[in-house]
K.L.:
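Sharing a structure below in structure tokens format, with a few things to ask.
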Amino acid sequence: MKIYNTLSKRKEEFVPLEEGKVKMYVCGPTVYNLIHIGNARPMIVFDTVRRYMEHKGYEVNFVSNFTDVDDKIIKKAIEEGVDASIISERYIAECKKDMEAMNVRSATTHPKATEEIGGMLDMIETLIEKGHAYAAADGTVYFRTRSFKGYGKLSHKNLDDLQGGNRSLLVTGEDQKEDPLDFVLWKPKKDGEPYWESPWCDGRPGWHIECSVMSKKYLGEEIDIHAGGEDLVFPHHENEIAQSEAANGKPFSKYWMHNAFLNIDNHKMSKSDGNFFTVRDISEKYDLQVLRFFMLSAHYRSPLNFSAELMEAAQNGYDRIVTSVSNLSYLLENSVSDTISEDEQKLLEEAKGFITGFDEAMDDDFNTADAIAAIFELVKFANVHAKADCSREFLQTLKDEIIMLSDICGLIVEKKQEMLESDIEALIEERQAARKAKDFKRADEIRNDLLAKGIILEDTREGVKWKRA
């Protein structure tokens, strides 16, 4: 398995720090609003990486944080006249709903920044003791960027070039800094903001220190993979490396993975320009499995353009797989043969080639575009060779293989058949007749059968009403 490492700018053979185990940290969202489709790309991509690692037999400790204290959260809390924790908890809950709808599995641990303040204070104290950080007169604590000799190794930026014009690290309070490139680890409180006590001042952490501390606590000082969107390479991930390695005296992450940007109609996604969609917006038009299929239809390091036309193409592609699995289910229900033939056994041997193709694509830096192409080849093969007179074993094997490969991609392709409204109404009429005949056992059976199929009945004065669960 090869992974493109942003640190070395090349593909490297994946060798975990501990045999059979993977320690993986993915930067999560800042929870001040519903997540947008730009947030969705890394969620889907790195969930798929995790799934494939587990398919290969690795035990994956997957950590992804929620940044629940931030200027945007505080601003929204002030606007609504509520505590910042009300805002963050609301949108953590909404984020989890969207993740579930996209079939993004929960992390092994979802730490929250506000619950890890003690660890942040400890790391900042360590950095001060080692000479990598200092407190200004107002209690702001800065990291001495030049004290860390490897600064710039991830983003491949030169410190002199940064000082010459790049302002990405600069914040308010420039006059307190020893060097314009130093960045904030701890900052003083402002009126109306949440704060915590510290040796330097009542205040709150800078953004970058959060992930360094949470990664160390839940994964250890050295990890296998650190991942996120390419917008995090600099300064966030660069600063994480500086803090972590300066404090711990060890390499932070062996591999750094970054997904490329998502554009909308060939323009950068922007709220101000109006080309901006939340995951919830998309869910009103499409099953979010289609969004997941769309995100995986391109390599994660390639820029991806979102458009109505491309989503329709994703819908068609996803439907091809779902339809094939549905057809195999139908053939299985009607198959009369239990004995697999020699010809069918040979065909199954041939089908293994598509599974090999899938694995080869995923082993090559998680090339999901080619992996999905391999699934399509298997679907095409099944559509050609699965017939009404085929054995159950042959049909079941083909179905299981399509579902297995799709599941690695997080795609749910076996859909539960929804009852037709006419069938529901017919059963309700039968239940009403049973009740009139005082056959309450049969009436209860019908209600329970419908409930098991996701149909909820409600007896009202106007008659029986029903809805899908």
Side-chain angles (χ1 to χ4, degrees), residues 44-45 47-52 54-56 101-105 286-300 302 304 309-335 337 340-418:
I44 290 168
V45 163
D47 175 67
T48 305
V49 170
R50 172 195 188 178
R51 287 168 179 268
Y52 186 66
E54 290 176 343
H55 168 70
K56 299 288 279 189
M102 294 186 293
N103 201 25
V104 171
R105 290 166 52 198
Y286 299 96
D287 181 336
L288 289 182
Q289 284 289 287
V290 176
L291 180 65
R292 184 170 186 123
F293 183 95
F294 165 76
M295 293 289 186
L296 298 178
S297 64
H299 191 281
Y300 75 92
S302 298
L304 184 58
E309 292 78 14
L310 291 173
M311 281 295 286
E312 287 300 322
Q315 176 78 69
N316 293 335
Y318 174 64
D319 286 348
R320 278 178 60 191
I321 305 173
V322 172
T323 300
S324 180
V325 170
S326 178
N327 290 341
L328 286 166
S329 296
Y330 175 81
L331 292 171
L332 269 166
E333 289 173 3
N334 295 278
S335 175
S337 173
I340 188 169
S341 68
E342 287 187 16
D343 286 343
E344 287 176 336
Q345 288 175 334
K346 289 178 182 177
L347 285 171
L348 290 181
E349 283 298 314
E350 186 180 340
K352 288 180 181 178
F354 303 121
I355 299 174
T356 300
F358 178 94
D359 286 346
E360 288 174 349
M362 293 297 281
D363 281 342
D364 184 16
D365 192 31
F366 307 98
N367 190 335
T368 53
D370 285 356
I372 287 174
I375 296 176
F376 279 149
E377 288 297 320
L378 181 57
V379 164
K380 181 179 177 182
F381 182 87
N383 291 346
V384 169
H385 296 290
K387 307 291 184 185
D389 59 352
C390 287
S391 69
R392 290 189 184 91
E393 183 178 342
F394 177 73
L395 295 169
Q396 188 67 57
T397 301
L398 286 177
K399 178 183 173 182
D400 289 347
E401 288 174 347
I402 294 172
I403 290 174
M404 176 188 70
L405 299 185
S406 299
D407 183 62
I408 294 169
C409 293
L411 297 169
I412 301 169
V413 294
E414 186 171 25
K415 296 290 189 178
K416 293 180 180 178
Q417 294 294 322
E418 286 194 343

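All values below come from the heavy atoms of this structure, side chains included, with hydrogens, waters and symmetry mates left out.
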K.L.:
Is there any side chain to side chain donor-acceptor pair (under 3.5 Å) pair reaching into residues 346-355, and which pairs are they, with sequence neighbours excluded?
P.N.:
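Residue pairs passing side chain to side chain donor-acceptor pair (under 3.5 Å), neighbours aside: Glu349-Lys352.
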K.L.:
Which distance, rounded to the nearest 0.5 Å, do you find between the SG of Cys390 and the CG of Leu331?
P.N.:
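Answer for the SG-CG pair, Cys390 versus Leu331, is 7.5 Å.
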K.L.:
Is there a side-chain contact between Leu348 and Ile340 (heavy atoms, below 4.5 Å)?
P.N.:
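Yes, at least one pair of side-chain atoms sits under 4.5 Å.
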K.L.:
Check for a donor-acceptor pair, side chain of Ser335 on one end and backbone N or O of Leu332 on the other, with a separation under 3.5 Å.
P.N.:
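No; judged by distance alone, with no hydrogens or angles, the pair does not exist.
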K.L.:
Shortest non-hydrogen contact from Ala298 to Thr368?
P.N.:
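Nearest pair, atom of Ala298 first, then Thr368: O-OG1, 3.4 Å.
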K.L.:
For Arg292 and Cys409, indicate whether the former's side chain and the latter's backbone hold a donor-acceptor pair under 3.5 Å.
P.N.:
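Answer holds: yes.
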K.L.:
Quick check on side chain to side chain contact (heavy atoms under 4.5 Å, CB included): which of Ile372, Leu411, Ile375, Ile321 does Leu405 satisfy it with?
P.N.:
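So the option named by the test is Ile375.
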K.L.:
To the nearest 0.5 Å, tell me how far Thr48 OG1 sits from Tyr300 OH.
P.N.:
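If we round to the nearest 0.5 Å, Thr48:OG1 and Tyr300:OH are 12.0 Å apart.
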K.L.:
What verdict does the side chain to side chain contact (heavy atoms under 4.5 Å, CB included) test give for Arg51 and Arg105, after you've listed the backbone C-alpha separation in whole Å, the side-chain angles of each residue and the deciding distance to 0.1 Å?
P.N.:
CA-CA 9 Å; Arg51 287 168 179 268; Arg105 290 166 52 198; 3.4 Å; yes
K.L.:
Please confirm whether the backbone N or O of Val104 pairs with a side-chain atom of Asp47, one donor and one acceptor, at under 3.5 Å?
P.N.:
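No, Asp47 side chain to Val104 backbone: no donor-acceptor pair under 3.5 Å.
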K.L.:
Please lay out, stage by stage, how Glu401 and Leu398 fare under the test side chain to side chain contact (heavy atoms under 4.5 Å, CB included).
P.N.:
CA-CA 5 Å; Glu401 288 174 347; Leu398 286 177; 4.2 Å; yes
K.L.:
Tell me which one of Leu328, Asn327, Ile402, Val322 satisfies side chain to side chain contact (heavy atoms under 4.5 Å, CB included) with Val379.
P.N.:
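Exactly one pass, corresponding to Ile402.
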K.L.:
So how far is it from Met295 CE to Leu288 CG, rounded to the nearest 0.5 Å?
P.N.:
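Rounded to the nearest 0.5 Å, the CE-CG separation comes out at 10.0 Å.
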K.L.:
Please check this pair: side chain of Gln289 against backbone of Ile412, looking for a donor-acceptor N/O pair closer than 3.5 Å.
P.N.:
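The answer is yes, because a donor-acceptor pair under 3.5 Å joins these two groups.
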K.L.:
Show your working on side chain to side chain contact (heavy atoms under 4.5 Å, CB included) between Met404 and Leu378 and close with a plain yes or no.
P.N.:
CA-CA 12 Å; Met404 176 188 70; Leu378 181 57; over 6 Å; no
K.L.:
Within this structure, what is the CG-CG distance for the pair Leu296 and Asn367, rounded to the nearest 0.5 Å?
P.N.:
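Here the rounded value is 11.0 Å.
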K.L.:
Taking all atoms of both residues into account, what is the closest heavy-atom pair of Ala374 and Gly357, and its distance?
P.N.:
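Result for this residue pair: CB-C, 4.1 Å.
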K.L.:
Can you list the steps and then say if Glu360 with Asp370 is a side chain to side chain contact (heavy atoms under 4.5 Å, CB included)?
P.N.:
CA-CA 9 Å; Glu360 288 174 349; Asp370 285 356; over 6 Å; no
K.L.:
For Tyr52 and Asp359, indicate whether the former's side chain and the latter's backbone hold a donor-acceptor pair under 3.5 Å.
P.N.:
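Side chain of Tyr52 to backbone of Asp359: a pair is present.
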K.L.:
Give, for atom NE2 of His385 and atom CG of Leu347, the distance between the pair rounded to the nearest 0.5 Å.
P.N.:
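Result: 5.0 Å between the selected atoms.
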K.L.:
For His299, check ring pair (Phe, Tyr, Trp, His ring centres under 6.0 Å) against everything at least two apart and list the hits.
P.N.:
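Per chain and number, His299 pairs via ring pair (Phe, Tyr, Trp, His ring centres under 6.0 Å) with no residue.
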K.L.:
Would you call Glu312 and Tyr286 a side-chain contact if the rule is heavy atoms closer than 4.5 Å?
P.N.:
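Touching, per the 4.5 Å side-chain cut-off.
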K.L.:
Taking Glu414 for its side chain and Ile403 for its backbone only, find out whether a donor-acceptor pair lies under 3.5 Å.
P.N.:
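Here the side-chain-to-backbone pair does not exist.
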K.L.:
Does the plane of the ring in Phe293 sit parallel, tilted or perpendicular to the ring in Phe376? Use 30° and 60° as the thresholds.
P.N.:
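Aromatic pair Phe293/Phe376 classed tilted.
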K.L.:
Distance check, rounded to the nearest 0.5 Å: Asp389 atom CG versus Phe394 atom CZ?
P.N.:
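Those atoms lie 10.0 Å apart.
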K.L.:
Working note: Gln315 + Asp319, criterion side chain to side chain donor-acceptor pair (under 3.5 Å); need CA distance, chi angles, decisive distance, verdict.
P.N.:
CA-CA 6 Å; Gln315 176 78 69; Asp319 286 348; 3.1 Å; yes
K.L.:
Would the distance check show the side chain of Ser324 and the main-chain N or O of Arg320 forming a donor-acceptor pair, the cut-off being under 3.5 Å?
P.N.:
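No, because the side chain of Ser324 does not come within donor-acceptor range (under 3.5 Å) of the backbone of Arg320.
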